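Small disclaimer: the values here were computed from a predicted structure and weren't measured.
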Amino acid sequence: MAPMGIRLSPLGMAVFCLLGLGVLYHLYSGFLAGRFAFFMLSEPAAGGPETPHGSAPGGAVDLRELLAVSVLAAVRGGEEVKRVREGNVLNAKAKGKTREGAEEQLTTGDLLSNRRMFYLLKGAFPAINSEERVDTADQETVSWDHSIPEDIKQKIQPKEVPAESVTVWIDPLDATQEYTEDLRQYVTTMVCVAVNGKPVIGVIHKPFSSYTAWAMVDGGSNVKARSSYNEKTPRIIVSRSHAGKVEQVARQTFGNKTVIIPAGGAGYKVLALLDVPEKNQEEADVYIHVTYIKKWDICAGNAVLRALGGHMTTLTGEEISYTGSDGNEGGLIASINMNHKALIEKLPDLEKTSHK
C-alpha cells in the first residue's frame, strides 16, 4: 500500500489569473472553493504519482509531529488569508452554486492559503503522494524545522500510526462568503487528521485574532469545554443560510425561548460550543446543520469535540467517516457535555429537512 496521498475536492479544471501578474493557476481536477482534502491511497493510480525517493510504502507517521506541523500550516495559511483581506485584493469569483442554489465564492485568499498549507505539509512529510499533478509554476518551498511547540510537547506523547491509515483534510479558508462580506470573526483555517476514517487531530485557527484551538483524541488539547450547557432550552448555532429551517423544528421541541444563532463557518460554530477566550466568539449549546456539507468543513471540529468527550454525528446519530467521498449527506448535530442521543431523539423532524 502506498503512503498517504493528497486529493483535491472535485470541481473540474479551471484557470485563474492571480493578483494581475499573469500567473495562471491550473487548479487540478479536484479543486472546489479553495478547499483541499488529503486522502489515503491504497495503490498509485495508473500513470499517477510514484512513491517519493527514500519513502518506503507502509511507513509510519508520528501523530505528535503531524499535529505540530498542522498547527503551523493553519497559522501560515491564516497569514495569507489576513494579508489578502486587509489589502482588499480578494479578486472574488463565483465558482458555481451549492445544492441550495447559493453562490460559492473563490478568492485569492483561498488560493494563497491553500498553496502555503499544501506545500508546508508536503515538505514536512515527503512520503505523502499527490493524486493530482501540481503545476511547477504554482509550487513554492515552505519549510518546517521539525520543532514541536512546548505546549504540544507537554501535553502530547509521540504516537506512530501506519501512514496508509491516515487521511488529512485541509480547509484553507472556511466561511469564504463571510470573508467577502468582511465578517472576519467567522473566518478560520483548519486541518484535520483522521486515522482509519476516525478524526483524531483537529486544528481550528482564527486568522484575524491569531487564536488557535487544537486537540488530539487520547492525547490532549489547548482548549476545553465550558462549565455548563443548557439542555432544556439550548442555544442552537446554525448556518446563516438556513436558520429558519432549524428554528421552526427547534422551537416546536424546546419551546419559544430557544435561541437560534445564525453564524458563518463550521469552524466558528464548533468553537461556539467551547470555552474560547474571544470577545467576538458567540456561545451555543448545540450546533446543527441540516443540508449536505463537505468533510473538510467539519473534520477538524469533529476531532476537537471527540478529544474533549463531545459528539458530532449525522442528524440520525451515525458517525461520520472521513474516508471515501468528500461529502456528508446526512446533515449534522454536534454537542458536548450533553446527552447527545437524547437530543437526536427530540429532534426527529430535523433529518427530514435535510432532504428538502
Side-chain angles (χ1 to χ4, degrees), residues 1-7 36-41 49-81 112-131 134 138-172 188-196 199-207 210-223 296 299-300 303-304 307:
M1 295 183 74
M4 290 186 298
I6 299 175
R7 179 183 177 186
F36 280 62
F38 291 9
F39 80 120
M40 176 186 69
L41 291 176
E50 299 177 356
T51 303
H53 180 68
S55 300
V61 175
D62 181 2
L63 290 179
R64 185 171 75 165
E65 286 196 350
L66 194 45
L67 168 60
V69 74
S70 295
V71 170
L72 183 59
V75 171
R76 292 281 180 85
E79 290 170 355
E80 296 298 317
V81 168
L112 294 182
S113 174
N114 179 81
R115 187 175 68 177
R116 181 60 59 90
M117 295 171 72
F118 176 93
Y119 283 112
L120 177 55
L121 285 160
K122 180 74 173 176
F125 290 89
I128 298 174
N129 287 333
S130 175
E131 183 192 15
V134 179
D138 200 24
Q139 293 188 23
E140 68 174 75
T141 300
V142 186
S143 62
W144 179 49
D145 61 7
H146 288 265
S147 64
I148 298 176
E150 284 301 318
D151 61 339
I152 293 179
K153 276 185 180 179
Q154 292 172 7
K155 296 180 179 181
I156 307 293
Q157 296 299 312
K159 181 179 181 180
E160 290 191 344
V161 296
E164 65 267 22
S165 70
V166 174
T167 309
V168 183
W169 298 84
I170 298 176
D171 192 341
T188 62
T189 58
M190 296 187 285
V191 182
C192 176
V193 176
V195 177
N196 295 321
V200 298
I201 290 175
V203 179
I204 305 174
H205 175 67
K206 299 182 80 172
S210 300
Y211 173 77
T212 306
W214 59 260
M216 177 172 155
V217 175
D218 297 327
S221 70
N222 72 340
V223 65
W296 52 82
C299 186
V304 171

Summary of side chain to side chain donor-acceptor pair (under 3.5 Å) pairs that have at least one residue in residues 71-81, sequence neighbours excluded: Glu80-Arg83, Glu80-Arg116

Is the CG atom of Asp218 crowded by more than 12 outside heavy atoms at less than 6.0 Å? no

Compare all side-chain heavy atoms of Trp214 with those of Val304 and state whether any distance is below 4.5 angstrom. no

Taking only residues two or more places apart in sequence or in another chain, which ones pass side-chain contact (heavy atoms from CB on, under 4.5 Å) with Ala68? Trp144, Ile148, Pro149, Ile152

Over all heavy atoms of both residues, which pair between Pro199 and Val217 is shortest? Give the atoms and the distance, please. O-CG2, 3.6 Å

Do the side chains of Val168 and Cys192 get nearer than 4.5 Å, heavy atoms only? no

About how many Å separate SG of Cys299 and CD1 of Ile201, when rounded to the nearest 0.5 Å? 10.5 Å

Without placing hydrogens or testing angles, list every side-chain donor-acceptor pair under 3.5 Å for residues 153-163, not counting sequence neighbours.
unit_1 : atom_1 : unit_2 : atom_2 : d
Lys155 : NZ     : Ser221 : O      : 2.9

Between atom CE of Met117 and atom CE of Met190, what is the distance when rounded to the nearest 0.5 Å? 9.0 Å

Check: Lys206 and Thr212 side chains under 4.5 Å, non-hydrogen atoms: no

List for me each residue that meets side-chain contact (heavy atoms from CB on, under 4.5 Å) alongside Ala74, sequence neighbours excluded, and say none if there are none. Thr189, Val191, Val203, His205

Closest contact, heavy atoms only, Thr188 versus Pro207: CA-CD, 3.9 Å

Steps toward side-chain contact (heavy atoms from CB on, under 4.5 Å) verdict (Val195, Thr167): CA-CA 6 Å; Val195 177; Thr167 309; over 6 Å; no

Which pairs count as salt bridge (charged side-chain N to carboxylate O under 4.0 Å, His left out) when at least one residue sits in residues 60-74, sequence neighbours excluded? none

Which atom names give the shortest non-hydrogen contact between Ala124 and Val69, and what distance separates them? CB-CG2, 3.6 Å

Determine whether Val193 and Leu67 satisfy the following criterion, side-chain contact (heavy atoms from CB on, under 4.5 Å), listing intermediate values before the conclusion. CA-CA 8 Å; Val193 176; Leu67 168 60; over 6 Å; no

